[in-house]
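Each remark here refers to the structure printed beneath this line.
Position 1 is the first residue of the sequence, and the numbers go up from there.
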Amino acid sequence: MRTHRKLAVATATALSLTGGLLAFTAGTAAAVTPAKYADDFNGDGYRDYASGWGGEVTVTYGTAGGPGSKSVTFTQDSPGVPGKAGDAGGYADTFGDQVANADFNRDGYADLAVADRSEKVGTKAGAGAVTILWGAKAGLGAKATRIPAKSTTAFGAALASGDFNGDGKPDLAVADVTGTLFVYRGGFSQSGTTGSVTKLEVSPSGAEVLEPSAIVAGKVTKDKATDLYVLGQGYRNGRTTQAAWFVQGGSTIKRGKYTTYNATQVDYRATGVIADFDKNGYGDLAVSDTPYNKGAGSVLVLRGGASGPATSYRLSQSTSGVATAAGRNDRFGYALSAGDTNRDGYPDLAVGVPEEEVGSVENAGGVHVLRGGRSGLTGTGSQWFTRATAGVPGGPADSEAFGLFVRLRDFDRDGDADLLVSGDLYRKGLLLHGSAKGVTTSGASQSDLDPGFPQ
């Protein structure tokens with residue numbers, strides 16, 4: 001969380017404690033429509049933005065014109081939030097490092113699930129916990145509830161929401177540090193109850209072990225259920241590797257293919273996004289591989305198919321049409337986000353390269369936007385932005401690591417995805433707008449919004 005952002009946020013105590021109550025008429029509950037957006041926490045029809053790091057979660061509320069000025073920060077010392085800030089039993093406080101949003105109790109207000117794999121539970125340090133902050137008319141803050149933990153080994157190491165069984169209710173997927181996956185079915189209630197829980201292990205035989213860094217949710221197959229990938233550092237038959245474990249959604253949630261993609265170096269913060277880059281009806285996974293080629297980095301794309309991952313291809317700064325050259329420790333792929341920036345119907349991919357040299361400035365960083373198309377992602381027509389790009393405010397700064405965080409989102413609601421990008425913890429980020437020709441520097445502006453909110 002940027003230091004200057006902490007000074008600008010309001011405290012959680014300013015929230016009304018009555019905003020989440022449902023209206024009643026003549027003793028009968030009024031009909032409630034689930035929230036239109038999975039991140040509209042105050043039910044005003046605009047998307048909101050929640051991100052966290054190091055014991056804090058900050059929510060910025062949206063307006064008709066995009067992110068607004070109202071922000072609220074929560075810790076485990078905030079009223080009504082279970083636990084105690086910093087009480088990690090010798091571990092760093094990770095409350096907020098993983099968040100996922102959905103209208104979990106289907107009351108018309110989106111809610112926010114917050115993981116803390118470091119949480120001390122009873123006498124056990126690092127047991128982990130997942131807390132749901134419930135949405136209400138006044139926003140988040142009226143009430144928070146922990147879900148029943150199914151593991152005491154860094155429960156909440158990774159987190160994602162989606163309709164994994166296809167019944168129309170949002171579910172929650174939680175992994176512990178061993179890579180064991182727990183899928184909590186809806187419905188959820190503010191009393192702490194959930195639907196049934198499915199437990200899956202990447203390899204019951206123990207031949208593969210996966211230490212997760214992220215769960216990526218999205219539509220891969222053509223059914224109505226959300227699928228997911230668990231990403232992380234894996235071990236296959238005693239050998240270290242990076243891996244992506246596919247889990248297929250449906251009325252029966254199924255263990256799927258385990259794909260390894262770099263057996264020479266490990267990445268403890270692999271990230272990814274699912275989008276149908278070639279519009280063939282199957283969702284593709286774009287996953288980071290920053291250790292690739294001596295740290296130059298790359299992005300591996302696993303094409304989707306009828307039963308999950310099919311063929312694959314790799315993109316890097318050596319790919320034809322991609323600006324700049326691959327250099328040692330550039331970290332191409334450190335941050336990823338998908339969205340249609342030019343209104344052609346194909347999702348594009350923003351790729352952060354935080355350690356790229358800009359001119360003579362070391363680790364200044366930048367971001368590529370790779371275009372989707374009939375053949376999937378390619379370098380053709382790709383765009384490259386740094387602080388030195390004409391029309392971008394400011395200039396390259398040593399170790400800013402511009403591109404450390406990226407998000408594509410239609411902030412101004414004009415039909416194309418805009419690019420939000422930031423670097424280190426002490427400088428403002430940058431908002432660039434999409435257009436019929438792609439991302440443009442016209443109207444570029446500085447932004448305090450943290451791009452760490454869910455895709």
Side-chain angles (χ1 to χ4, degrees), residues 158 160 162-166 173 179 181 183 200-203 207-208 210 212-234 236 241-263 267 270-290 292 297-316 318-320 322 332-333 336-340 344-351 370-380 382 455:
D163 182 9
F164 300 116
N165 64 346
L181 181 69
V183 180
L200 293 172
E201 294 176 302
V202 64
S203 176
E208 292 98 18
L210 185 64
S213 64
I215 301 173
V216 184
K219 296 291 185 70
V220 177
T221 62
K222 290 185 177 180
D223 62 19
K224 62 182 181 180
T226 306
D227 308 302
L228 56 86
Y229 282 93
V230 182
L231 309 179
Q233 173 187 318
R236 169 171 275 179
T241 183
Q242 290 179 62
W245 171 32
F246 176 70
V247 177
Q248 185 169 355
S251 56
T252 300
I253 299 170
K254 301 176 183 178
R255 180 187 300 106
K257 187 177 180 181
Y258 183 84
T259 302
T260 59
Y261 59 92
N262 188 327
D267 184 359
T271 189
V273 61
I274 294 172
D276 187 3
F277 297 111
D278 54 9
K279 286 184 64 177
N280 67 350
Y282 298 106
D284 312 310
L285 171 71
V287 58
S288 63
D289 184 5
T290 56
Y292 178 80
S298 70
V299 174
L300 183 77
V301 180
L302 293 176
R303 292 186 176 94
S307 58
T311 59
S312 66
Y313 59 97
R314 194 179 289 270
L315 299 154
S316 72
S318 297
T319 299
S320 177
V322 176
F332 177 93
L336 301 173
S337 188
D340 182 5
D344 66 353
Y346 291 94
D348 308 311
L349 185 70
V351 183
L370 308 181
R371 296 283 179 84
R374 188 173 299 178
S375 300
L377 292 169
T378 68
T380 302
S382 69
Q455 299 279 350

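Atoms CD1 and OH, on I274 and Y282 in that order, are 15.0 Å from each other to the nearest 0.5 Å. Rounded to the nearest 0.5 Å, atoms OG1 (T259) and CG (L300) are 8.5 Å apart. From R374, atom CZ reaches atom OH of Y346 across 5.5 Å, with rounding to the nearest 0.5 Å.
No donor-acceptor pair under 3.5 Å is formed between the side chain of S288 and the backbone N or O of V299. At distances below 3.5 Å, at least one donor-acceptor pair connects side-chain atoms of D340 with backbone N or O atoms of G345. Distance alone, capped at 3.5 Å, places no donor-acceptor pair between the T319 side chain and the G379 backbone. A donor-acceptor distance shorter than 3.5 angstrom exists from the side chain of D227 to the backbone of T221, with no hydrogens or angles considered. Panel note: side chain K219, backbone K224; a donor-acceptor pair is recorded below 3.5 Å. Using modelled atom types, one side-chain atom of S316 and one backbone atom of S318 make a donor-acceptor pair closer than 3.5 Å.
Summarising the geometry of L349 relative to A286, their closest heavy-atom pair is CD2-CB, 4.0 Å, with the distance given to 0.1 Å. In plain terms, the two heavy atoms of L302 and Y229 that are nearest each other are CD1-CE2, 4.1 Å. Taking each heavy atom of L210 and A243 in turn, the nearest pair found is CD1-CB, 3.9 Å. The two residues A158 and S213 have their closest heavy-atom pair at CB-C, 4.5 Å. For the residue pair P212 and V230, the shortest heavy atom distance occurs at CB-CG1, 3.8 Å. Between D348 and R371, the closest heavy-atom pair is OD1-CA, 3.4 Å.
A donor-acceptor contact under 3.5 angstrom links the side chains of S337 and Q455, judged on distance only.
The salt bridge (Lys or Arg N to Asp or Glu O under 4.0 Å) contacts involving residues 271-289 comprise D289-R314, where partners must be two or more places apart or lie in separate chains.
V247 places none of its side-chain heavy atoms less than 4.5 Å from the side chain of F164. Side-chain contact between N262 and T241: absent, with no pair of heavy atoms (C-beta onward) separated by less than 4.5 Å.
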Inset, instruction - Take Q248 and D223 through the side chain to side chain contact (heavy atoms under 4.5 Å, CB included) test and state the conclusion after the steps. - result: CA-CA 10 Å; Q248 185 169 355; D223 62 19; 4.2 Å; yes
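Between L285 and the choices L228, L231, V273, V301, the side chain to side chain contact (heavy atoms under 4.5 Å, CB included) rule is met once, by L231.
With sequence neighbours excluded, no residue forms a side chain to side chain donor-acceptor pair (under 3.5 Å) with T378.
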